Engineer: 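Following this message is one structure expressed as structure tokens.
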Amino acid sequence: MAAQAQTIEVPTDAELLQAQADLWRHSLYYLSSMALRCAVELEIPTAIHRLGGAASLPDLMAALSLPPVKRPFLRRVMRVLVTSGVFAANNNSESEAIYRLTPLSRILVHGVVADEHHSQKYFVLGVTSPHYTEAAMGLAGWFRKDHEPPVPSPFEDIFGVPLCDDRTPLLDKELDDVVTQGLAAHDNLGIATVMRECHDLFKGVDSLTDCGGGDGTTARAIIRAYPHIKCTVLDLPKVVDKAPADGVVTYVAGDLFHSVPSSQAVMLKLVLHFWSDEDCVKILAQCRKAIPSREEGGKIIIVEIVVGPSLGPIMFEAQLLMDMLMMVNSKGRQRDENDWSKLFIKAGYTDYKIVKKLGARCIIEVYP
């Protein structure tokens with residue numbers, strides 16, 4: 001055992017002061033998340049949108065029906081959110097600040113029905129909920145426990161049930177509803193971008209099964225762009241029971257671990273990151289059974305994060321935080337390209353290619 005060090009390197013004055021500021025930022029980042037949650041709960045993005053896209057503090061106070069005594073406190077919250085890029089504001093200190101929406105706060109506007117708009121309100125409320133934060137605060141205790149495999153997530157270890165499970169409503173029905181709505185909005189965000197940026201993705205495809213396709217939003221977007229493609233959505237019975245019967249999409253109630261409807265292509269959009277490597281191999285094996293050979297156009301279309309620093313530090317940090325989210329609340333994880341390659345080989349696939357990188361996510365084609 002190495003001898004305990006009796007000395008420590010002392011930083012320079014400049015390094016010490018910077019380290020103190022960095023310590024404050026890292027220790028207090030949760031307050032930025034809570035300020036965002038506060039803005040979403042108060043529906044500040046929606047209020048600014050309804051006020052024409054720009055609003056002063058008095059405008060917001062009136063629109064939100066907040067007590068006048070809270071005005072200086074709201075100013076301080078908005079200052080944090082402007083600094084973090086949630087909102088924009090003029091920089092003239094001599095006049096009343098005018099707050100505007102940014103691309104980030106636009107996707108938090110709620111109650112607006114428009115093409116390509118999927119409010120992320122419930123995603124924010126879910127990931128900042130007391131259950132999520134309590135699970136994260138229990139990380140140190142979770143690490144010290146000598147669990148028998150399969151190792152439960154910190155969430156399951158603390159609350160006794162997995163997240164996104166049939167038993168989750170028994171833990172907290174409101175949490176389950178918020179998470180379900182948040183996941184649906186999160187999964188549907190950006191599908192139009194996929195359609196625009198990946199022109200050849202559906203070239204030659206005449207039928208497709210969207211595994212975990214929820215209410216069929218993605219399938220309908222594909223059909224709008226490619227009317228000849230016959231789309232089937234596979235999801236759990238409780239999801240399919242609530243799906244719209246529009247006659248455009250075929251819904252199949254089932255479990256992708258047991259059977260996947262046959263089609264030329266199978267889509268797994270933001271599905272695999274929730275599952276362990278062993279479970280992913282099982283899912284991919286079922287998908288392989290559902291498609292024809294590569295020569296006949298058979299392929300799996302995967303939309304997932306491929307972790308790596310090539311997109312720059314901000315995107316890389318977002319990917320790593322999403323991996324932490326999976327570690328704390330599920331048995332899944334975000335994977336780098338080497339991880340994905342190993343999964344595909346284990347599931348019996350012969351080749352794959354990363355078709356395009358879209359923000360923090362990638363489009364991957366996998367071939368039998």
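We number each residue from 1, following the sequence as shown. Here the structure is a predicted model, which is why all the values come from computation and not from measurement.
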Engineer: Taking the ring of Phe202 and the ring of Tyr226, is the distance between their centroids below 6.0 Å?
Structural biologist: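 Here the rings of Phe202 and Tyr226 have centres that are less than 6.0 Å from each other.
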Engineer: Is it true that Asp351 and Arg294 make a salt bridge, defined as a side-chain N closer than 4.0 Å to a carboxylate O?
Structural biologist: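 Judged by the 4.0 Å cut-off on N to carboxylate O distance, Asp351 and Arg294 do form a salt bridge.
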Engineer: Testing the 3.5 Å rule here: is there a donor-acceptor pair between the side chains of Ser262 and Lys289?
Structural biologist: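 Short answer, no.
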Engineer: Keeping Thr209 on the side-chain end and Ser263 on the backbone end, is there a donor-acceptor pair under 3.5 Å?
Structural biologist: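 Checking the backbone N and O of Ser263 against the side chain of Thr209, no donor-acceptor pair under 3.5 Å is found.
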Engineer: How about Val266 and Ile301: do any of their side-chain heavy atoms sit closer than 4.5 Å?
Structural biologist: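 Sidechains of Ile301 and Val266: no contact.
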Engineer: Using a strict 4.0 Å threshold on nitrogen-to-oxygen distance, state whether Arg335 and Asp323 make a salt bridge.
Structural biologist: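 Judged by the 4.0 Å cut-off on N to carboxylate O distance, Arg335 and Asp323 do not form a salt bridge.
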Engineer: Answer yes if the ring centres of Trp275 and Phe257 are under 6.0 angstrom apart, and no otherwise.
Structural biologist: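 Under 6.0 Å, so yes.
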Engineer: Under 3.5 Å, is there a donor on one side chain and an acceptor on the other for Ser56 and Asp59?
Structural biologist: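 Yes, Asp59 and Ser56 have a side-chain donor paired with an acceptor closer than 3.5 Å.
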Engineer: Should the ring pair His131 and Phe159 be called parallel, tilted or perpendicular, given that the plane angle runs from 0 to 90° and is split at 30 and 60?
Structural biologist: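 The arrangement is tilted - the two ring planes meet at 30° to 60°.
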Engineer: Please report the closest heavy-atom contact between Ala219 and Asp210, naming both atoms and the distance.
Structural biologist: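 Heavy atoms of Ala219 and Asp210 come nearest at N-OD2, 4.2 Å.
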Engineer: Can a donor-acceptor pair be found between the side chains of Glu365 and Tyr367 at a distance below 3.5 Å?
Structural biologist: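 Glu365 vs Tyr367: donor-acceptor pair found between side chains.
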Engineer: How long is the straight-line distance from CD of Gln18 back to OG1 of Thr12, given to the nearest 0.5 Å?
Structural biologist: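 Here the interatomic distance stands at 10.5 Å.
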Engineer: Can you check whether His110 and Tyr122 have ring centres sitting under 6.0 Å from each other?
Structural biologist: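 Yes.
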Engineer: Among the clusters formed by ILVMFWY side chains lying less than 4.5 Å apart, do Val80 and Tyr99 turn up in the same one?
Structural biologist: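 Each belongs to a different hydrophobic cluster.
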Engineer: Is there a donor-acceptor contact under 3.5 Å linking the side chains of Gln334 and His273?
Structural biologist: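 Their side chains do not contain a donor-acceptor pair, so the 3.5 Å distance test is not met.
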Engineer: Got a second to check how far Cys287's SG is from Ile300's CD1, nearest 0.5 Å?
Structural biologist: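 Reported to 0.5 Å precision, the distance equals 5.0 Å.
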Engineer: Check whether any side-chain heavy atom of Leu57 lies under 4.5 Å from a side-chain heavy atom of Leu74, and answer yes or no.
Structural biologist: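 Yes, at least one pair of side-chain atoms sits under 4.5 Å.
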Engineer: For the side chain of Lys299 and the backbone of Leu201, is there at least one donor-acceptor N/O pair under 3.5 Å apart?
Structural biologist: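 Side chain of Lys299 to backbone of Leu201: a pair is present.
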Engineer: A side-chain contact here means heavy atoms from C-beta on lying under 4.5 Å apart; do Leu108 and Leu36 qualify?
Structural biologist: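 Leu108 reaches Leu36 side chain to side chain.
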Engineer: Strictly distance-based, threshold 3.5 Å: is any side-chain N or O of Asp157 a donor or acceptor partner for the main-chain N or O of Ser153?
Structural biologist: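 Judged by distance alone, no pair lies under 3.5 Å.
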Engineer: If hydrophobic clusters are built from ILVMFWY residues whose side chains come within less than 4.5 Å, do Tyr349 and Val260 share one?
Structural biologist: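 In one cluster: yes.
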Engineer: Output yes when a side-chain donor or acceptor of Arg288 lies under 3.5 Å from a complementary backbone atom of Ala347, and no otherwise.
Structural biologist: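 Indeed, once roles are kept as given, a pair shorter than 3.5 Å links the two residues.
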Engineer: Going by an N to O cut-off under 4.0 Å, is there a salt bridge joining Asp176 and Lys173?
Structural biologist: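 Not counted as a salt bridge, because no side-chain N and carboxylate O are separated by less than 4.0 Å.
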Engineer: Any chain of hydrophobic side-chain contacts (each under 4.5 Å) joining Trp340 to Val366?
Structural biologist: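 In one cluster with Trp340: Val366, yes.
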Engineer: Are any side-chain N or O atoms of Gln264 and backbone N or O atoms of Glu296, one a donor and one an acceptor, separated by less than 3.5 Å?
Structural biologist: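 Yes, Gln264 side chain to Glu296 backbone: donor-acceptor pair under 3.5 Å.
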Engineer: Kindly say whether Gly85 contributes a backbone atom to a donor-acceptor pair with the side chain of Thr102 at under 3.5 angstrom?
Structural biologist: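 Yes, the answer is positive, given that a donor and an acceptor are paired below the 3.5 Å cut-off.
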Engineer: As an exercise, state the distance from CD of Gln181 to OG of Ser119, rounded to the nearest 0.5 Å.
Structural biologist: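 Separation between the atoms: 10.0 Å.
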Engineer: Quick one: do Arg333 and Asp277 make a salt bridge, cutoff under 4.0 Å?
Structural biologist: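 Answer for the salt bridge query: yes.
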Engineer: Okay, side chain of Gln120, backbone of Ala185: is any donor-acceptor separation there less than 3.5 Å?
Structural biologist: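 Side chain of Gln120 to backbone of Ala185, a donor-acceptor pair under 3.5 Å: yes, one is there.
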Engineer: Does the distance from a Lys or Arg side-chain N to an Asp or Glu carboxylate O, for Glu278 and Lys282, drop under 4.0 Å?
Structural biologist: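 So Glu278 does not pair with Lys282 through a salt bridge.
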Engineer: Look only at the side chain of Trp142 and the backbone of Pro152, and say whether a donor-acceptor pair between them is shorter than 3.5 Å.
Structural biologist: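 It does hold such a pair.
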Engineer: Decide, yes or no, whether a salt bridge links Lys242 with Asp215 under the criterion of side-chain N to carboxylate O below 4.0 Å.
Structural biologist: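 No salt bridge links Lys242 with Asp215.
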Engineer: Between Lys121 and Glu43, is there a side-chain N and carboxylate O pair less than 4.0 Å apart?
Structural biologist: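 A salt bridge is present here (some side-chain N lies under 4.0 Å from a carboxylate O).
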Engineer: Less than 4.5 Å apart, any side-chain heavy atom of Phe274 and any of Cys164?
Structural biologist: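 In short, these two side chains touch, coming nearer than 4.5 Å.
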